[in-house]
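In this chain, residues are counted from 1 in sequence order.
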Amino acid sequence: LSKKLINYFKAEQLIFAGLMLVLISGLIFTLLENSIHFSAFQTVLIRIPHFIGIALIYGNGTYCVVNLFPKVSGSASALM
């Protein structure tokens, strides 16, 4: 997904979108967990945007860190 989106958006925009997905998914889950009893399947469905957001953050974050420190890209990606 990130590989296709990077052609249209900057890495920083994808990181921000990932953060928003994680935040919104977490808020929805937190607000609804006390009022609705979720099955395992429903819990996974709510968490899918969270996992997509994590993938956008991690992949593009590594790309940004490696671009900031090209001479020590191995160490930079290891720290990420």
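Every residue two or more places apart in sequence or in another chain that forms a ring-ring contact (aromatic ring centres under 6.0 Å, His included) with F38 is listed here: F29. Scored by the side-chain contact (heavy atoms from CB on, under 4.5 Å) test, L68 finds no partners at all (sequence neighbours excluded). A search for side-chain contact (heavy atoms from CB on, under 4.5 Å) contacts involving F41 returns S39, L45, not counting sequence neighbours.
Chaining together hydrophobic side chains whose heavy atoms lie under 4.5 Å apart leaves L31 on its own. Taking Ile, Leu, Val, Met, Phe, Trp and Tyr as members and joining any whose side-chain heavy atoms lie under 4.5 Å apart, directly or through other members, the hydrophobic cluster of L27 also contains F16, M20, L23. With side-chain heavy atoms closer than 4.5 Å counting as contact, directly or through intermediates, the hydrophobic cluster containing I57 also holds I15, L19, V22, I54.
In plain terms, the two heavy atoms of H37 and Q42 that are nearest each other are O-OE1, 3.9 Å.
Checking each of L5, I6, V65 against N60 for a side-chain contact (heavy atoms from CB on, under 4.5 Å) leaves exactly one that passes, namely I6.
Taking hydrophobic clusters as Ile, Leu, Val, Met, Phe, Trp and Tyr residues chained together by side-chain heavy-atom distances below 4.5 Å, F9 shares a cluster with L56.
Pairs passing the ring pair (Phe, Tyr, Trp, His ring centres under 6.0 Å) check and including a residue from residues 54-80, sequence neighbours excluded, do not occur. For residues 8-28, no residue pair satisfies the side chain to side chain donor-acceptor pair (under 3.5 Å) rule, not counting sequence neighbours.
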